[in-house]
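In what follows, a structure is listed as structure tokens, so that the remarks can point back to it.
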Amino acid sequence: TWTLAGSPYIVAGDLTVQTGAVLTIEQGVVVRFNNSDALMSGTDLARIELTVRGTLVVNGTPGSPVTFQSASGTSAGSWVGIILEAGATSATISNAIVEHATTGIRSSLGGTTLNLSATTFNRSNTGLLLAAGTPTIDRLTTTICGNGVSVQGTAAPTFTNALVTSSGSGGFVISASSGTTTIENATISGGSDCIFATSNLNLRDSIVTGCADDGVDVNLGTTAVTYSNVWGNGTNFEGAVGGTGTFSANPLFVSATNFRLTSNSPSRLSGTTSDDQGPLPYVSDATPGLYGTLWSSTTVAAGNTTVAGDLTVAPGVTL
């Protein structure tokens with residue numbers, strides 16, 4: 001067990017959790033990986049990797065996450081990352097930050113033996129790579145990664161409440177050989193392609209915006225995009241079309257870096273069950289002007305009023 005009292009832990013060479021062993025990391029612990037591998041072993045002789053063949057348990061909390069990072073500098077690829085091998089027992093990772101890696105977490109775990117939630121990947125070549133299994137991954141965040149998420153091999157994961165932003169290339173890159181990747185209540189913004197898929201994709205209740213090339217780019221496989229807002233990309237759809245409940249409109253975020261919805265966002269109440277689209281629903285932030293969608297009855301005071309953009313009065317609402 002790695003405790004807060006012993007933190008930070010400095011890893012000088014490749015580290016393996018062998019079959020039958022359990023590594024537990026308590027909340028608030030910082031693990032730092034040197035920029036060279038003292039063992040000169042593993043998949044990369046020059047850089048360090050943490051390999052799990054037994055069990056990994058990471059017990060961060062929202063206020064006290066567990067952090068895995070480079071011991072020196074903030075460049076992507078400073079260390080290899082966490083490798084969860086196919087024969088490992090399980091991995092439970094909650095409220096972690098993984099940064100400066102080649103691939104933050106690479107998982108070949110089968111079935112649902114990967115339990116990953118509330119984890120953030122920063123400044124890595126790839127944030128999360130899944131090569132097998134059918135895990136449900138909740139509250140994933142990636143930012144400033146080459147690829148936010150890569151789905152390969154036989155993986156068929158479900159992502160709920162993901163926030164994938166500022167990717168250098170692709171937000172989600174999906175090239176699994178079988179199965180379907182499901183993405184629910186995600187916001188994907190920034191990069192070349194927000195989603196690039198050569199295998200089956202089910203996207204719903206999500207916001208896809210601000211990608212230079214394509215919002216949803218599908219080359220192979222079956223794709224279903226429903227109750228989602230795909231807007232403001234170089235091309236919103238390439239090789240796919242929007243299905244039931246899909247539209248294209250400015251989601252009216254709080255700001256360019258805060259992806260919570262404001263009061264008049266058209267993505268409010270527009271999901272499959274009339275919930276808000278994306279992982280960050282409306283709380284109390286007002287849209288700064290009279291535009292967007294009015295979701296509650298509104299009276300405009302006497303005098304001149306400027307309408308700055310398209311204005312929609314929702315069903316049952318009175319202007």
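Numbers here simply count residues along the sequence, with the first being 1.
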### Query
Quick one: does Asp44's side chain have a donor or acceptor within less than 3.5 Å of a partner on Arg47's backbone?
yes

### Task
For the pair Phe172 and Phe159, name the ring-plane relationship: parallel under 30°, tilted 30 to 60°, perpendicular over 60°.
perpendicular

### Query
What are the two closest heavy atoms between Thr154 and Ser178, and how far apart are they?
CA-OG, 4.1 Å

Give the table of side-chain donor-acceptor pairs shorter than 3.5 Å for residues 113-132, with sequence neighbours excluded, one pair per line with atom names and distance.
from   : atom 1 : to     : atom 2 : distance (Å)
Thr113 : OG1    : Gly110 : O      : 2.7
Thr119 : OG1    : Ser117 : O      : 3.0
Asn122 : ND2    : Glu99  : OE1    : 3.3
Ser124 : OG     : His100 : N      : 3.4
Ser124 : OG     : Ala101 : N      : 3.0
Ser124 : OG     : Ala101 : O      : 3.4
Ser124 : OG     : Asn122 : O      : 3.1

### Message
Minimum heavy-atom separation for Asn229 and Asn250, please, with both atom names.
### Response
ND2-C, 4.4 Å

### Query
Under the disulfide (SG to SG under 2.5 Å) test, which residues partner Cys145, sequence neighbours left out?
none

### Query
Has the side chain of Thr246 got a donor or acceptor atom that lies under 3.5 Å from a matching backbone atom of Gly243?
yes

#### Entry: Any side-chain donor near an acceptor of the partner, Thr43 and Glu49, under 3.5 Å
yes

### Query
For the residue pair Tyr9 and Trp2, does the interplanar ring angle fall in the parallel (under 30°), tilted (30 to 60°) or perpendicular (over 60°) class?
parallel

### Task
For the residue pair Gln18 and Thr16, confirm or rule out a side-chain donor-acceptor distance under 3.5 Å.
no

### Query
How about Asn202 and Thr180: does a side-chain donor come under 3.5 Å of a side-chain acceptor?
no

### Query
side-chain hydrogen bond (donor to acceptor under 3.5 Å, both in side chains) with Thr262: which residues, sequence neighbours excluded?
Thr287

### Query
Of all residues at least two apart in sequence or in a different chain, which pass the side-chain hydrogen bond (donor to acceptor under 3.5 Å, both in side chains) check with Asn185?
none

### Message
Contact between Ile105 and Ile93 at the side-chain level, heavy atoms closer than 4.5 Å - yes or no?
### Response
yes

### Query
Has Asn219 got more than 12 heavy atoms of other residues, nucleotides or ligands less than 6.0 Å from its CG?
yes

### Task
With rounding to the nearest 0.5 Å, note down the distance linking CG in Asp217 to CG in Asp193.
4.5 Å

#### Entry: Test log, rule side-chain contact (heavy atoms from CB on, under 4.5 Å), inputs Ser263 and Tyr282
CA-CA 6 Å; Ser263 56; Tyr282 168 70; 3.7 Å; yes

### Query
How would you list, by chain and number, every residue that makes a side-chain contact (heavy atoms from CB on, under 4.5 Å) with Leu319, sequence neighbours excluded?
Leu294, Thr298, Val300, Leu311, Val313

### Query
salt bridge (Lys or Arg N to Asp or Glu O under 4.0 Å): which pairs involve residues 53-72, sequence neighbours left out?
Arg53-Glu85

